[in-house]
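What follows is a short report on a single structure.
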Amino acid sequence: MVRDEIQQTLQKALAAAQQKGELPAVELPALEVLRPKQADHGDYSTNLALVAAAALRKAGVASNPRSIAQCIADHLPAGGPIGAVEIAGPGFINLHLSVSWLQQQVERVVAAGPAFGNLHRGGGARWQVEYLSANPTGPLHYGGARNGALGDALANVLTAAGYQVQREFYVNDAGNQFNLFAATLYARYAQLLGREEPIPEQGYAGEYMFDYAQKLIDQHGDRFLQLAKDEAIAQLKPISEALVVASLQAELARLGIHYDCWFREQSLYDEGLVDQLLDRLRSQGDIALRDGALWFLATHYPKVDKDEVVVRSNGMPTYFASDIAYHYHKFVVRGFDHVVNVWGVDHQGHVPRMAAVMAALGLDPARLTIVLHGLVKLIRNGQEVKLSKRRGTLVTIGEVIDEVGADAVRFNLLTRSPDSPVEFDLDLAAAANNENPVFFVQYSHARICSILAKAEESQLPPPDLSWLVHPSELALIRKVLELEEQVEVAVDKLSPHNLTHYAVDLAKIFNSFYRDCKVLDPEQPHLSAARLQLCQAAQIALAKTLRLLGISAPASM
RNA sequence: GCGCCUGUAGCUCAGUGGACAAGAGCAUCGGUCUUCGGAACCGAGUGUCGGGGGUUCGAAUCCCUCCAGGCGUACCA
């Protein structure tokens, strides 16, 4: 990656200057390579001299940042990525990339192809990303789209960065909600078959329950009506779970989301893992009986101010009991090096307690990262749409895709940083359909593909990249190369939202290049060949960015 | 009450210590074009970076405080 190379080069120049005694050998903080906002400040810059001057001053040595900068600049080698060097302002060292070096990079990008943008940071470490987990009690409401888009893009980015990533959906099929779901389903099933059967109190009133019930009838006829109600519901549970999971899979596939593993909460009970771990924690003094309930004493661990019930006084375990077993399963049974859980901020209260669970299990809490994201407020007709699965007033992911389109939904949600709350106005999104940045980006991609396709008709000489000297050509090369840094940022922050902004930038810079530089010019075959290869590089970078975001990169539209 | 998050252009949002103009998209206004796909390009205007105080050579960015909104603070998930 370019920035790493620059960083190392600067480090060496500094060391060389210190070794020769031209600069005092003082300890310095980590060297920062910056991206100046202004183009005439170079491609990269560093405040190294300013930092060094401050350190010297502290050590009692008089110093001048500008002369330190000059000294470091004098030790920069020629021939690498660095071209012109300037000392500017109070002592910034501004670095311009060398033109010939930039030209060569185009070939590197094309040679890498779809692998361009991949990094070797992960070293194959086994990571799991768990996202969108929910009760299997119906279609996913729109808020889930943000969780899904974020988790999925995160998994893509981590994979590109060299981690071995497993995508997981945790199916909460063990709790009260799922029992209620099965009981409701039974009632709807009976009703469709003509038997009077009220849905349970607090049951799932949504219309979609009739759809599930109809599917049951299609597959199993009326045979559950022959059974006693309790027995029927018990038998219905696994069948209806499979039904719901299948429809979740279909709904999520429309958003481009696929999982490696659908992990059933109930399996943790079936295997006895929950009991086993509660026993273990009890014997090590982290669980105690209080007021008839069993409590996990989270306050034994740092930053936690509340204990948490694991088994209610009525004998029913809470979700938290299975959460303990679940994370044990992730780290110990399956041996993931690191786990990322993507949660809505409404679960923020559990973050410190999960750290306590990790510690109690003898695991390093740093191996579990919880990415929180703001909730989505859906606006329709200027009014907030309240979401409730139980009352049946939900707007599903599928419905929003119908209105706005999967690519636009993902792009829109991935433009925001996870921290920020989102107000999504359906009318606005639908009305502004053609003005959506996602189409701008996709259009640019289609345009490049069209040029590449057209070029196949013409005979061109082998590309000589030294023809690429136009400012718009060089700007495009720079932007293409930036993808690697953008992937790194996304991994560091565990948020891919910078990539949507990068995609818009890249598309814009390509469009300017397209205006300024005619690619296929019969009069200039050598220039055409070089520009064509640059187009290939741009297509590779743009398609890769979109792929990481989970957005389609159409060749025509 | 306490904790976490958010407050940046008319709207939707980036930027979270660096440079004499604070950025993008949309919207608005003006221009380009006999086009390798005009779903394009070029240009213009718009900001008390929620208010106030502080730290720093340098603050939208760090600290304190206040205001506004969201979420959390259950033997719910």
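In what follows, chains are A, B, ... by sequence order, proteins preceding strands, each numbered from 1. Computed from a predicted model, the values in this text were never measured in an experiment.
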Looking at A:Arg515, I'd like to know whether one of its side-chain N or O atoms comes within less than 4.0 Å of OP1 or OP2 on B:C42.
yes
Let me know the distance between CZ of A:Arg35 and C1' of B:U61, rounded to the nearest Å.
20 Å
Report, as yes or no, whether the 6.0 Å neighbourhood of atom NE2 on A:His470 holds more than 12 heavy atoms from other residues, nucleotides or ligands.
yes
For residues 319-327 of chain A, please give each side-chain donor-acceptor pair under 3.5 Å, one per line with the distance, not counting sequence neighbours.
{"unit_1": "A:Tyr319", "atom_1": "OH", "unit_2": "A:His350", "atom_2": "ND1", "d": "2.8"}
{"unit_1": "A:Tyr319", "atom_1": "OH", "unit_2": "A:His350", "atom_2": "NE2", "d": "2.9"}
{"unit_1": "A:Ser322", "atom_1": "OG", "unit_2": "A:Glu265", "atom_2": "OE2", "d": "2.5"}
{"unit_1": "A:Ser322", "atom_1": "OG", "unit_2": "A:Tyr319", "atom_2": "O", "d": "2.9"}
{"unit_1": "A:Tyr326", "atom_1": "OH", "unit_2": "A:Glu168", "atom_2": "OE2", "d": "2.6"}
{"unit_1": "A:His327", "atom_1": "ND1", "unit_2": "A:Asp323", "atom_2": "O", "d": "2.9"}
{"unit_1": "A:His327", "atom_1": "NE2", "unit_2": "A:Asn341", "atom_2": "ND2", "d": "3.0"}

Respond yes when some side-chain nitrogen or oxygen of A:Ser512 is under 4.0 Å from OP1 or OP2 of B:C42, and no when none is.
yes
It should be established whether A:Arg353 places a side-chain nitrogen or oxygen under 4.0 Å from OP1 or OP2 of nucleotide B:U73.
no
Please work out which of the three classes, parallel, tilted or perpendicular, describes the rings of A:Phe424 and A:Tyr142, given edges at 30° and 60°.
tilted
A:Asp346 has its side chain closest, among B:G15, B:G37, B:G72, to B:G72
Of the candidates B:G18, B:C75, B:G72, the side chain of A:Trp295 sits closest to B:C75
Compare the minimum distances between each of B:C75, B:C71, B:A77 and the side chain of A:Tyr319, then state the nucleotide with the smallest one.
B:A77
Send over the distance from A:Tyr502 OH to B:A24 P, rounded to a whole Å.
18 Å
Please state how far atom CG in A:Asp419 lies from atom P in B:U16, giving the value in whole angstrom units.
12 Å
Without decimals, in angstroms, what is the distance between A:Arg146 CZ and B:C71 C1'?
13 Å
Ring-base stacking, A:Tyr514 with B:C41 (5.5 Å, 30° cut-offs):
no
With the side chain of A:Lys518 defined as its heavy atoms from C-beta on, choose the nearest nucleotide among B:C76, B:A40, B:C36.
B:C36
Below 3.5 Å, does any donor atom in the side chain of A:His497 face an acceptor in the base of B:A14, or the other way round?
no
Rounded C1' spacing from B:A39 to B:G7 in Å:
34 Å
So, is A:Arg312 near the phosphate of B:C76, with a side-chain N or O under 4.0 Å from OP1 or OP2?
yes
Candidate nucleotides B:C76, B:C36, B:G37, ranked by approach to the side chain of A:Thr318 - the nearest:
B:C76
I'd like to know if the side chain of A:Arg3 reaches the main chain of A:Val33, judged simply by a donor and an acceptor atom lying under 3.5 Å from each other, with no hydrogens or angles considered.
no
A:Arg416 CZ - B:A14 C1' separation (whole Å):
11 Å
So, taking the atom named CD1 in A:Ile551 and the one named CG in A:Leu414, what distance separates them when rounded to the nearest 0.5 Å?
6.0 Å
Atom-to-atom span, CD of A:Gln348 to P of B:G72 - whole angstrom:
7 Å
Do the side-chain N or O atoms of A:Lys303 get closer than 4.0 angstrom to the phosphate oxygens (OP1, OP2) of B:G3?
no
Between B:G15 and B:G1, how far apart are the two C1' atoms, rounded to whole Å?
35 Å
B:G70 versus B:C13 - spacing of their P atoms, nearest Å
16 Å
Separation of A:Lys508 atom NZ from B:A40 atom C1', in whole Å?
13 Å
Spacing of the C1' atoms in B:U46 and B:C29 (rounded, Å)
12 Å
Summary of side-chain hydrogen bond (donor to acceptor under 3.5 Å, both in side chains) pairs that have at least one residue in residues 301-312 of chain A, sequence neighbours excluded:
A:Asp286-A:Tyr301, A:Arg290-A:Asp307, A:Thr299-A:Asp307, A:Glu308-A:Arg353
Any side-chain N or O of A:Asn47 below 4.0 angstrom from OP1/OP2 of B:G18?
no
Which value, in whole Å, describes the distance between the P atoms of nucleotides B:C63 and B:C75?
33 Å
Can you tell me which stems RNA chain B forms when a stem means 3 or more consecutive Watson-Crick or G-U pairs under 3.5 Å?
B:1-7 with B:67-73, B:10-13 with B:23-26, B:28-32 with B:40-44, B:50-54 with B:62-66
Tell me, do A:Leu140 and A:Leu252 make a side-chain contact under 4.5 Å, heavy atoms counted?
yes
Decide yes or no for A:Leu10 and A:Gln7: does some side-chain heavy atom of the first lie under 4.5 Å from some side-chain heavy atom of the second?
no
Please state whether the rings of A:Phe181 and A:Phe178 are parallel, tilted or perpendicular, taking 30° and 60° as the class boundaries.
parallel
Is A:Lys454 near enough to B:C36 that one of its side-chain N or O atoms lies under 4.0 angstrom from OP1 or OP2?
no
Please classify B:A24 as syn or anti, treating any glycosidic angle within 90° of 0 as syn.
anti
I'd like to know if A:Asn94 reaches the base of B:A19 with its side chain such that a donor and an acceptor end up less than 3.5 angstrom apart.
yes
Look at all strands and tell whether A:Asp291 reaches a base, only sugar-phosphate, or nothing, counting heavy atoms closer than 4.0 Å.
base
Rounded distance in Å between the P positions of B:U56 and B:U16
24 Å
Would you mind reading off the distance between A:Phe320 atom CZ and B:A77 atom P, rounded to a whole angstrom?
12 Å
Using a 4.0 Å heavy-atom cut-off across all strands, classify A:Val422 as base, sugar-phosphate, or nothing.
sugar-phosphate
Counting the atoms with a prime plus P, OP1 and OP2 as sugar-phosphate, which does A:Cys449 contact under 4.0 Å by heavy atoms, base, sugar-phosphate, or nothing?
nothing
Identify which nucleotide among B:A24, B:A40, B:G37 has an atom closest to any side-chain atom of A:Phe440, counting heavy atoms from C-beta outward.
B:A40
OP1, OP2 of B:U16 versus side-chain N and O of A:Ser417: anything below 4.0 Å?
no
Residue whose nearest RNA chain B nucleotide is more 5′ - A:Ile451 or A:Glu423:
A:Glu423
Side chain of A:Ser313, base of B:C75: donor and acceptor closer than 3.5 Å?
yes
Taking A:Leu294 as the fixed residue, which of A:Val310, A:Val309, A:Leu281 is the one that meets the side chain to side chain contact (heavy atoms under 4.5 Å, CB included) rule?
A:Val310
With the side chain defined as heavy atoms from C-beta on, A:His501 is closest, among B:C13, B:C71, B:A40, to B:C13
Please determine, for the side chain of A:Tyr443, which listed nucleotide (B:A24, B:A39, B:C42) has the closest atom?
B:A39
If I pick the C1' atom on B:A14 and the same atom on B:U6, what distance separates them, to the nearest angstrom?
15 Å
Walk me through it: do A:Asn172 and A:Gln177 pass the test side chain to side chain donor-acceptor pair (under 3.5 Å)?
CA-CA 9 Å; A:Asn172 297 114; A:Gln177 292 305 321; over 6 Å; no
Using atom C1' of each nucleotide, how far apart are B:G51 and B:G69 to the nearest Å?
16 Å
Between A:Pro418 and A:Lys306, just flag the one whose closest nucleotide in RNA chain B comes earlier from the 5' side.
A:Pro418
